[in-house]
Amino acid sequence: MSEKLAIEGGISLEGELSVQGSKNSALPILAAAAVTGGSSIIKKCPKLTDVDAAVRILEYLGCKAARTGDTLIVDSSGMCRSDIPKKLMHEMRSSIVFLGAILARFGNAVVSTPGGCEIGLRPIDIHLSALEALGAEITELHGRLYCSCRDGLRGTKITLSFPSVGATENIMLAAVTAKGTTTIINAAREPEIIDLASFLNGCGARISGSGEGTITIDGVQKLDNYEHTVIPDRIVASTYMAAAAVTGGRLKLDNVVVEHLYPVLSAYEKAGCLITPSHGSLEIKAPRRLGGIGAVRTMPYPGFPTDSQAAAMVMASLARGTSVIIENIFENRFKHVGELVRMGAKIMVENIVAVVEGVERLHGVEVEASDLRGGAALVLAGLAAEGETTVGGVHHIDRGCQSFENNLRLLGAKIKRS
Ligand code: EPZ
């Protein structure tokens, strides 16, 4: 049975925390480690169940992985398989980035379609058509994708119909050792894309333009060993900031890249939080009562991140006045709403729009997490609520937040796992 977190709410969180490395950077970098055929030292690699799932894939493929503290060393010299069983593919949706990596390494791959998930259908059509443009022949049979490229991958111009993060990563991974030049137009601009490019370039790749709408990849023959430090997790940082905000607390966060947080800072400031950034850290001081966050629209970077939407909704739930949240990225990312309403929040959802009328207080009840960010948001609501909140489905939170309850406890929260 899944574990639960029991939270006694109503305590202002105060203190200092160092933010973990980014999950969404670490996962494609682990796939990239498979392309190198050598040894990759990955520092600040977060300890998460999703990272464990990626390691299981690497080991299945014949790579070796060893962790010491926050450092993961991957040796892909012994990689000998080009297939990933369905069970491993299904452990984590982003396993699909291994497709580009395996194709780059071996020129063929057999993987499963990752299927839909709790936040939406999440099709992979953009990934597949881009890999086909690079020369892969892909056949789907009973949910298995058989991919091969008889003449090797060849660079080309690929225009994405949407700046998909995962598709941009898959193309970068596949194109890095392809013949010729690949240009990605309408590429995702997320910081995690820049981090992947900086890892690959450190290994000897020739990628330019990451972080911009057009990325150019000049194929190289081989990649080398490299040591890389994963960027701080901007989503986890925004989650802890919201924890301080909803409890009327005060928090200093170390290991942050303040610019990566610009898309969320204006909403937090609008709510009345005082934010003092400095190099590599940031302080947040919450007002006695939060103000509304106005209208927040989730967008590809540098817009407001969909992954911070649920935490922002908890802030809006406790704020003065009415806020509006529009979820433009995933069609099913309001699953936390029902649970927040059971805690006393006043939220009305119509398709992709949530209208949140702030209430003075939430009250503790038993709630159930159904996805990672929504689950973390329920914990935030519990921290602010009167009485005890029990959050079930904690395995969702463990996918992306390292030592979540321990960190919250360090800030004064009364929270325990059972
Ligand atoms: C990444 O998912 C992140 N995951 C997500 O974080 C994040 O929410 C998302 O980017 C958006 O920022 C990782 O980095 C591991 P997309 P990804 O491809 O790559 C549609 C979290 O909680 N689409 O940019 O899957 C798709 O359905 C997770 O940490 C297609 O239609 O996101 C969605 O509506 C959740 N066809 C939109 O595009 C495709 O082929 C954005 O998806 C690909 C995507």
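Nothing fancy with the numbering, it's 1 onward along the sequence. Heavy atoms only: backbone and side chains are in, while hydrogens, waters and symmetry mates are out. Whatever order the structure lists them in is the order used to number ligands and atoms, beginning at 1.
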[X], portion touching ligand 1 at heavy-atom distance under 4.0 Å:
X: Glu192; value: neither
X: Arg373; value: side chain
X: Ile235; value: neither
X: Val165; value: both
X: Asp307; value: side chain

For [Y], is there any backbone N or O sitting under 3.5 Å from a side-chain donor or acceptor partner on [X]?
X: Ser112; Y: Pro114; value: no
X: Asp75; Y: Cys63; value: no
X: Tyr268; Y: Ser238; value: yes
X: Thr36; Y: Asn225; value: no

With heavy-atom distances below 4.0 Å as the criterion, list the atoms of ligand 1 near [X].
X: Ile119; value: 35 (C)
X: Gly166; value: 18 (O), 19 (O)
X: Ile124; value: 39 (C), 40 (O)
X: Phe162; value: 37 (C), 38 (O), 41 (C)
X: Lys23; value: 21 (C), 29 (O)
X: Ser94; value: 15 (C)

Backbone or side chain, does any N or O of [X] fall under 3.5 Å from an N or O of ligand 1?
X: Ile126; value: yes
X: Arg93; value: no
X: Arg122; value: yes

Next item on the list: Check the angle between the aromatic planes of His260 and Tyr301 and answer parallel, tilted or perpendicular using the 30° and 60° thresholds.
Entry: perpendicular
Notebook entry, point to check: According to the interplanar angle, ranging from 0 to 90°, do the rings of Phe334 and His336 count as parallel (below 30°), tilted (30 to 60°) or perpendicular (above 60°)?
Noted result: perpendicular
Margin query: Could you work out, with side chain to side chain contact (heavy atoms under 4.5 Å, CB included) as the rule, every residue matching Ala104, not counting sequence neighbours?
Written below: Val35, Thr177
Item checked: Side-chain heavy atoms of Leu99 within contact of Leu131, under 4.5 Å -> yes
Check: Which option, Leu27, Asn328, Val97, Ile329, owns the non-hydrogen atom nearest atom 34 (O) of ligand 1?
Finding: Ile329
Checklist line | Proximity winner for atom 43 (C) of ligand 1, if only heavy atoms of Ser161, Ala26, Gly120, Pro123 are counted | finding: Pro123
Note to self: Less than 4.0 Å is my threshold; does some heavy atom of Arg333 fall inside it relative to ligand 1?
What the structure shows: yes
Notebook entry, point to check: Can a non-hydrogen atom of Asp371 be found less than 4.0 Å from any atom of ligand 1?
Noted result: no
Check: Is any side-chain N of the basic residue among Arg417 and Glu3 closer than 4.0 Å to the acidic one's carboxylate O?
Finding: yes
Next item on the list: Apply the test side-chain contact (heavy atoms from CB on, under 4.5 Å) to residues Arg105 and Leu223: give CA-CA distance (whole Å), side-chain angles for both, the deciding distance (0.1 Å), then the verdict.
Entry: CA-CA 10 Å; Arg105 185 80 191 270; Leu223 299 177; over 6 Å; no
Notebook entry, point to check: When the aromatic ring centroids of Phe404 and Tyr240 are compared, is their separation below 6.0 Å?
Noted result: yes
Notebook entry, point to check: Is at least one protein non-hydrogen atom found at under 4.0 angstrom from atom 3 (C) of ligand 1?
Noted result: yes
